[in-house]
Amino acid sequence: MAEENEQQPNQLPAQPTAANPERKTLDDRAKMTELERIRHSCAHVMATAILRLWPDAQFAAGPPVENGFYYDVDLKHRISPEDFEKIEAEMKKEIKANNVFEKIVVTREQAMKDSESGRLGGLAERPGNVSKFKIGNLEAIPEGEPISYFKNGDFIDLCAGPHVMRTGNIGAFKLTSVAAAYYKGDERGPQLQRIYGTAFKNKTALDEYFKMLEEAKRRDHRKIGAEMGLFAIDTEFVGPGMPLWLPKGTVLVEELEKLAKETEFAAGYVRVRTPHLAREKMYQTSGHLPYYADSMFPPIELQEREASDKIKKLEEQSSQAEQRFAEVVAKGDSKEEFFKGQDFMQQQHRLKKEIEELRKAEGLTPERYYLKAMNCPHHHRIFAAEPHSYRDLPLRLAEYGTCYRYEQSGELFGLMRVRSLNMNDAHIYCTEEQFADEFRAVNDMYLKYFKIFGLEKYQMRFSTHAAEGLGKKYVNEPELWKKTEDMVRKVLIESGINYVEVANEAAFYGPKIDVQVWSAIGREFTIATNQVDFAVPAKFGLTYRDKDNSNKTPLCIHRAPLGTHERFIGFLIEHYAGNFPLWLAPDQVRVITLNDDEALINYAKPIVAELRANMVRVDADFSATPFKAKISNAEQLRVHTMLVIGGRDMEAGAVSVRLHHGGPQGAKPKAEVVADILAGIKERRA
RNA sequence: GCCAAUGUAGCUCAGUGGUAGAGCAACGGUUUCGUAAACCGUAGGUCGUCGGUUCAAUCCCGACCAUUGGCUCCA
């Protein structure tokens with residue numbers, strides 16, 4: 001299904017994610033590296049160990065993954081990290097035994113029989129404990145493909161291999177975590193326990209891996225964000241997933257917006273602004289509600305229309321009945337009073353029911369407003385606000401729009417996955433003839449940005465629809481799908497962009513191209529997106545007047561090359577490990593005097609003033625604090641450029657430059673230094 | 001939302017069934033120094049929240065909230 005282009009060396013190969021293990025072909029398996037074989041074998045050893053401790057365990061799938069391996073197990077006992085030591089001890093025994101991984105080719109009938117007896121994925125036959133997941137795996141093997149077992153010691157597993165020769169070939173391993181996972185990744189299916197581990201050729205490589213993880217933690221955007229005072233997430237008062245940008249983080253936000261505004265202005269975009277809310281009708285019309293409602297915050301409901309006199313009258317009667325009932329209850333407890341009370345109660349009940357029915361009949365359902373989860377419908381209404389001629393097209397509407405998405409609680413992740421987000425959004429309305437050029441221009445813009453940020457490790461992913469999703473996941477326009485997908489593919493091929501094509505991942509309104517990047521800890525994210533929309537403009541009745549005086553529906557390109565501030569900045573923090581280039585650095589320059597000598601301060605002050613007058617983010621440390629400490633403070637803040645001033649500099653009309661992480665650069669004439677700083681910012685030097 | 005782990009001062013972390021400590025940061029003072037951390041002192045905590053067990057809970061138990069690692073989902 002995934003059709004792969006040639007990979008550039010700087011791009012990662014497309015990999016099935018842990019979530020969606022594509023069934024490997026025998027060809028793929030033959031290509032498994034030695035490390036992957038070690039890890040796959042280690043998964044078998046782990047299963048062996050788990051069975052010795054809990055013989056009734058049922059195993060599903062246990063492949064090698066990017067940094068190790070896992071095995072999904074169904075087991076009554078909840079495996080927790082406390083159990084790891086026990087399991088690892090059993091694993092060590094199995095490795096020490098140095099059992100051979102023996103391949104046994106069998107018939108489908110034999111495999112089915114061994115599944116039913118519980119033998120597969122077990123140490124022995126387990127009557128009454130059918131290897132149910134192995135049956136599922138067996139059924140997934142195409143007719144004609146050979147069926148094999150791998151056996152180490154008593155453990156026999158349905159497995160196509162390949163493995164290492166002996167369990168003793170597994171050099172070093174460690175169990176790392178336990179998680180819930182659905183069988184075959186299907187939410188509706190049974191939930192299994194997924195035990196993760198990792199394995200390497202030897203202990204040194206294993207230690208190196210954990211050292212690397214520690215390194216990665218150090219550049220985690222959540223850690224650096226706190227250290228540098230970039231953002232805060234106040235879950236108690238603001239809410240989870242809704243970051244607050246602190247002053248220094250706001251610098252990053254505004255620098256990115258500045259970059260986007262300049263770039264988009266040059267590319268012929270116009271800017272618009274839209275509210276954060278819209279009526280329910282907006283999302284009914286756009287078609288988002290049926291596809292997207294789960295990801296949106298629940299609506300704000302307003303009672304806008306007034307009820308009819310008839311309802312008002314009934315409501316009055318109802319409240320009177322309620323009052324009388326209360327009076328009766330308060331008065332006494334005679335039989336007569338009791339029945340009277342019953343009457344009022346029944347009366348009220350009847351009235352309420354009648355009122356409810358009337359409200360429904362009169363269409364008095366409350367008016368609903370939704371927080372916008374995307375900007376496109378608003379932009380569509382901007383298009384609709386004025387009549388358009390083919391001469392106006394392409395019309396490129398840009399906005400850093402604020403959106404709100406109700407992401408599931410377990411999905412939130414620092415700045416990378418949030419509930420309030422600012423999107424580098426724009427919608428390009430164009431004719432079919434203009435489409436290819438516009439689409440290409442958008443791709444060029446991506447590449448321009450990536451160059452500025454030195455972004456080298458990314459993957460372009462072209463997501464197309466799947467026929468079986470038409471009318472459900474995707475708008476039911478089979479011909480339009482084909483046509484637009486062909487157009488996009490053509491542009492991609494023509495512009496020589498390397499990409500991976502993935503079926504059944506498109507937006508509901510059209511195919512898209514996502515740019516995937518990886519966070520410091522290896523998690524994958526879409527950093528930018530570019531989508532074609534051939535469906536929604538028509539739903540809003542958007543048209544332009546063409547040359548032949550007919551009304552036509554424009555195509556729409558959604559694009560967000562800088563993604564969202566939240567994710568993009570989260571990514572940049574990790575990309576630069578907090579050591580931002582001068583133009584982005586929240587603290588660009590700090591002027592530091594050797595001591596608090598008045599002459600030095602008087603020499604330094606005009607330099608600070610000149611830089612500030614040129615919009616440089618500069619501050620000064622003229623304090624009596626020991627000089628080395630002043631340097632250290634500035635380094636810890638990650639101030640990009642430190643201008644150090646002592647007596648020698650003053651006499652020479654110079655300043656000594658020190659760069660964060662770059663060390664002392666020596667003394668230079670102050671005018672030269674100032675000019676260089678200003679140029680570096682203006683050029684957005686790396 | 002699901003599974004698991006975690007939650008002690010602004011940060012990094014100790015700690016105990018008898019109502020809490022260290023380093024850094026902050027604040028006050030001393031210190032006058034050429035490229036990553038001077039010295040002394042002060043202040044700072046309902047030990048995530050709520051409930052339970054107990055004479056007594058930060059510690060044991062439960063629920064909830066949040067974060068983290070995964071799953072599902074996604075910019």
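Each chain gets a letter, A, B and so on, in the order its sequence line appears, and its residues count up from 1.
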Chemist: Would you state whether a donor and an acceptor, one from the side chain of A:Glu566 and one from the base of B:rA75, lie under 3.5 Å apart?
Modeler: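 For A:Glu566, whose side chain was compared with the base of B:rA75, there is no donor-acceptor pair (under 3.5 Å).
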Chemist: Please determine whether a side-chain nitrogen or oxygen atom of A:Ser177 lies at a distance below 4.0 Å from atom OP1 or OP2 of B:rA4.
Modeler: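 No, outside the criterion.
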Chemist: For the pair made of CD1 in A:Ile601 and C1' in B:rU32, what is the distance, rounded to whole Å?
Modeler: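 Taking atom C1' of B:rU32 as the reference, CD1 of A:Ile601 is at 12 Å.
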Chemist: Tell me whether A:Lys86 is salt-bridged to A:Asp83, with the criterion being a basic N under 4.0 Å from an acidic carboxylate O.
Modeler: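 Yes, A:Lys86 and A:Asp83 are salt-bridged.
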Chemist: Can you tell me the distance, in whole Å, between the CG atom of A:Asn633 and the P atom of B:rA37?
Modeler: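 In whole Å, B:rA37 P lies 11 Å from A:Asn633 CG.
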Chemist: Nearest whole Å is fine: how far is B:rA66 C1' from A:Met242 CE?
Modeler: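 After rounding, the reported distance stands at 13 Å.
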Chemist: Look at all strands and tell whether A:Gln408 reaches a base, only sugar-phosphate, or nothing, counting heavy atoms closer than 4.0 Å.
Modeler: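 Base: the residue A:Gln408, judged by heavy atoms under 4.0 Å, touches a nucleobase.
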Chemist: Could you check which of B:rG69, B:rA36, B:rG34 has an atom nearest any side-chain atom of A:Ser656?
Modeler: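 The closest nucleotide is B:rG34.
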Chemist: Side chain of A:Leu594 only, please: which of B:rU35, B:rC73, B:rG34 is the nearest?
Modeler: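 The closest nucleotide is B:rG34.
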Chemist: May I ask which nucleotide in the shown strands pairs with B:rC59, Watson-Crick or G-U wobble, both distances under 3.5 Å?
Modeler: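 The base-pairing partner of B:rC59, which may sit in any strand shown, does not exist here.
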Chemist: In whole Å, I'd like the distance from the CG atom of A:Leu421 to the P atom of B:rA75.
Modeler: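 It is 10 Å, rounded to the nearest whole Å.
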Chemist: Select base, sugar-phosphate, or nothing to describe what A:Glu227 touches, counting heavy atoms under 4.0 Å on all strands.
Modeler: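 No contact.
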Chemist: Remember a base hit wins even if backbone is also touched, and classify A:Gly647 as base, sugar-phosphate or nothing at under 4.0 Å, heavy atoms.
Modeler: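 Base contact - A:Gly647 has a heavy atom under 4.0 Å of at least one base atom.
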Chemist: When the P atoms of B:rC40 and B:rG23 are considered, how many whole Å apart are they?
Modeler: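 Rounded to whole Å, the distance is 10 Å.
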Chemist: Looking only at the side chain of A:Arg417 (C-beta and beyond, no hydrogens), which of the listed nucleotides B:rC73, B:rG69, B:rG1 gets closest?
Modeler: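 Shortest atom-to-atom distance from the side chain points to B:rC73.
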Chemist: What distance, rounded to whole Å, do you find between the two C1' atoms, one in B:rG48 and one in B:rU67?
Modeler: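 Nearest-Å result for B:rG48 against B:rU67 at atom C1': 10 Å.
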Chemist: Quick check with a 6.0 Å cut-off and a 45 degree axis cone: is A:Arg405 positioned over the face of A:Phe297's six-membered ring?
Modeler: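 Negative - A:Arg405 is either too far from the ring of A:Phe297 or too far off its axis.
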Chemist: When only distance counts, do a donor and an acceptor, one from the side chain of A:Arg658 and one from the base of B:rA36, lie under 3.5 Å apart?
Modeler: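 Check passes, donor-acceptor contact within cut-off.
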Chemist: For B:rA14, give its Watson-Crick or G-U wobble partner with both distances under 3.5 Å, or none.
Modeler: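 Result: none.
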Chemist: Rounding to an integer number of angstrom, what distance separates B:rU31 and B:rC39 when you compare their C1' atoms?
Modeler: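 Result for the C1' pair: 7 Å, nearest Å.
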Chemist: Should A:Arg222 be listed as having a side-chain N or O under 4.0 Å from OP1 or OP2 of B:rU68?
Modeler: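 For A:Arg222, the contact criterion (side-chain N or O under 4.0 Å from OP1 or OP2 of B:rU68) is met.
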Chemist: Remember a base hit wins even if backbone is also touched, and classify A:Thr176 as base, sugar-phosphate or nothing at under 4.0 Å, heavy atoms.
Modeler: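 Nothing, no nucleic acid heavy atom in range.
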Chemist: What's the gap between B:rC11 and B:rA37 when it is taken at their C1' atoms, as a whole Å value?
Modeler: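 Roughly 16 Å separates the two C1' atoms.
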Chemist: How would you label the contact of A:Gly414 with the nucleic acid (heavy atoms, under 4.0 Å): base, sugar-phosphate, or nothing?
Modeler: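 The answer is sugar-phosphate, as A:Gly414 gets under 4.0 Å only of primed atoms, P, OP1 or OP2.
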Chemist: Scan A:Asp596 against the nucleic acid and name what it touches under 4.0 Å (heavy atoms): base, sugar-phosphate only, or nothing.
Modeler: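 Base, at least one base atom sits under 4.0 Å.
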Chemist: Can you tell me which nucleotide in B:rA37, B:rC73, B:rA5 comes closest to the side chain of A:Ala629?
Modeler: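 Of B:rA37, B:rC73, B:rA5, B:rA37 is nearest to the side chain of A:Ala629.
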Chemist: Looking across every strand, which nucleic acid part, if any, lies under 4.0 Å from A:Pro626 by heavy atom: base, sugar-phosphate, or nothing?
Modeler: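 Contact class for A:Pro626: base.
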Chemist: B:rU19 pairs with which nucleotide, Watson-Crick or G-U wobble, both distances below 3.5 Å?
Modeler: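 Check on B:rU19: unpaired, no WC or wobble geometry under 3.5 Å.
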Chemist: Report the residue from A:Met228, A:Lys248, A:Glu227 that forms a side chain to side chain contact (heavy atoms under 4.5 Å, CB included) with A:Leu637.
Modeler: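 Going through the options one by one, the only one that passes is A:Lys248.
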Chemist: When you measure from the side chain of A:Arg567, which nucleotide among B:rU35, B:rC74, B:rC3 comes out closest?
Modeler: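 Nearest nucleotide to the side chain: B:rC74.
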Chemist: Any idea which of B:rA36, B:rU72, B:rC2 is nearest the A:Glu411 side chain?
Modeler: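 That would be B:rU72.
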Chemist: Salt bridge check: are A:Lys211 and A:Glu214 linked by an N-O gap of less than 4.0 Å?
Modeler: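 Answer for the salt bridge query: no.
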Chemist: Assess A:Arg39 against A:Phe200: is NZ or CZ under 6.0 Å from the centre of the six-membered ring, and within 45 degrees of the ring's axis?
Modeler: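 Yes, A:Arg39 lies over the aromatic ring of A:Phe200.
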Chemist: Both A:Glu407 and A:Leu412 contact RNA chain B. Which one's nearest nucleotide lies toward the 5' end?
Modeler: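 Looking at RNA chain B, the more 5' nearest nucleotide goes with A:Leu412.
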Chemist: Suppose we define a pair by two distances each less than 3.5 Å, Watson-Crick or G-U wobble; what does B:rU53 pair with here?
Modeler: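 Check on B:rU53: unpaired, no WC or wobble geometry under 3.5 Å.
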Chemist: Would you mind pulling out the nucleotide paired to B:rC2, Watson-Crick or G-U wobble, both distances under 3.5 Å?
Modeler: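 Partner of B:rC2: B:rG70.
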Chemist: Using atom CG of A:Leu572 as one end and atom C1' of B:rA75 as the other, report the distance to the nearest whole Å.
Modeler: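 Result: 14 Å.
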Chemist: Can a salt bridge be assigned to the pair A:Glu407 and A:Arg417 using a cut-off of 4.0 Å between side-chain N and carboxylate O?
Modeler: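 Salt bridge: yes.
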Chemist: If you check every side-chain atom of A:Asp649, which of B:rG34, B:rC71, B:rC2 has the closest atom?
Modeler: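 Selected nucleotide (nearest to the side chain): B:rG34.
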Chemist: Considering every strand and a 4.0 Å limit on heavy-atom distances, what is the contact class for A:Thr564: base, sugar-phosphate, or nothing?
Modeler: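 If one applies the 4.0 Å heavy-atom cut-off, A:Thr564 turns out to touch a base.
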Chemist: So, are A:Lys473 and A:Glu468 salt-bridged, with charged N and O less than 4.0 Å apart?
Modeler: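 The answer is no: the pair does not qualify as a salt bridge.
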Chemist: May I ask which nucleotide in the shown strands pairs with B:rC64, Watson-Crick or G-U wobble, both distances under 3.5 Å?
Modeler: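 WC or wobble partner is B:rG48.
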Chemist: In Watson-Crick or G-U wobble terms, both distances under 3.5 Å, what is the partner of B:rC39?
Modeler: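 The base-pairing partner of B:rC39, which may sit in any strand shown, is B:rG29.
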Chemist: Between A:Arg461 and A:Asp514, is the closest basic N to carboxylate O distance under 4.0 Å?
Modeler: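 The answer is no: the pair does not qualify as a salt bridge.
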Chemist: To the nearest Å, how far apart are A:Asp74 CG and B:rC71 P?
Modeler: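 So the CG-P distance, A:Asp74 to B:rC71, works out to 19 Å.
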Chemist: Quick one: which of B:rA75, B:rG70, B:rU72 gets closest to the side chain of A:Ala179?
Modeler: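 Shortest atom-to-atom distance from the side chain points to B:rG70.
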Chemist: I'd like to know if A:Asp74 pairs up with A:Lys132 as an ion pair, taking the criterion as any Lys NZ or Arg NE/NH1/NH2 lying under 4.0 Å from an Asp or Glu carboxylate oxygen.
Modeler: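 A:Lys132 and A:Asp74: salt-bridged.
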Chemist: Compare side-chain N and O positions of A:Lys223 against OP1 and OP2 of B:rU12 and report whether any pair is under 4.0 Å apart.
Modeler: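 So the side chain of A:Lys223 is outside the cut-off, no N or O lying under 4.0 Å from OP1 or OP2 of B:rU12.
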Chemist: How close or far is atom C1' of B:rA4 from atom CG of A:Leu192, stated in whole angstroms?
Modeler: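 Computing the A:Leu192:CG to B:rA4:C1' distance gives 15 Å.
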Chemist: Say you pick atom P in B:rA36 and the same atom in B:rG41; how far apart are they, in whole Å?
Modeler: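 Roughly 28 Å separates the two P atoms.
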Chemist: Would you measure the distance from the C1' atom in B:rU72 across to the matching atom in B:rC3 and give it in whole Å?
Modeler: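 Pairwise C1' distance, B:rU72 against B:rC3, rounds to 12 Å.
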Chemist: Can you tell me which nucleotide in B:rU32, B:rA38, B:rG70 comes closest to the side chain of A:Ala180?
Modeler: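 Output: B:rG70.
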Chemist: Using the C1' atom as the point on both nucleotides, what is the distance between B:rA56 and B:rG52, in whole Å?
Modeler: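 About 15 Å, rounded to a whole number of Å.
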Chemist: Would you mind reading off the distance between A:Tyr509 atom OH and B:rA75 atom C1', rounded to a whole angstrom?
Modeler: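 The distance from OH of A:Tyr509 to C1' of B:rA75 comes to 11 Å, rounded to the nearest Å.
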Chemist: Determine the interatomic distance between P on B:rA43 and the same-named atom on B:rC55; round to the nearest Å.
Modeler: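 To the nearest whole Å, 37 Å.
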Chemist: Among B:rA38, B:rA75, B:rU72, which is the nearest nucleotide to the side chain of A:Tyr182?
Modeler: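 Out of B:rA38, B:rA75, B:rU72, the nucleotide with an atom closest to A:Tyr182's side chain is B:rU72.
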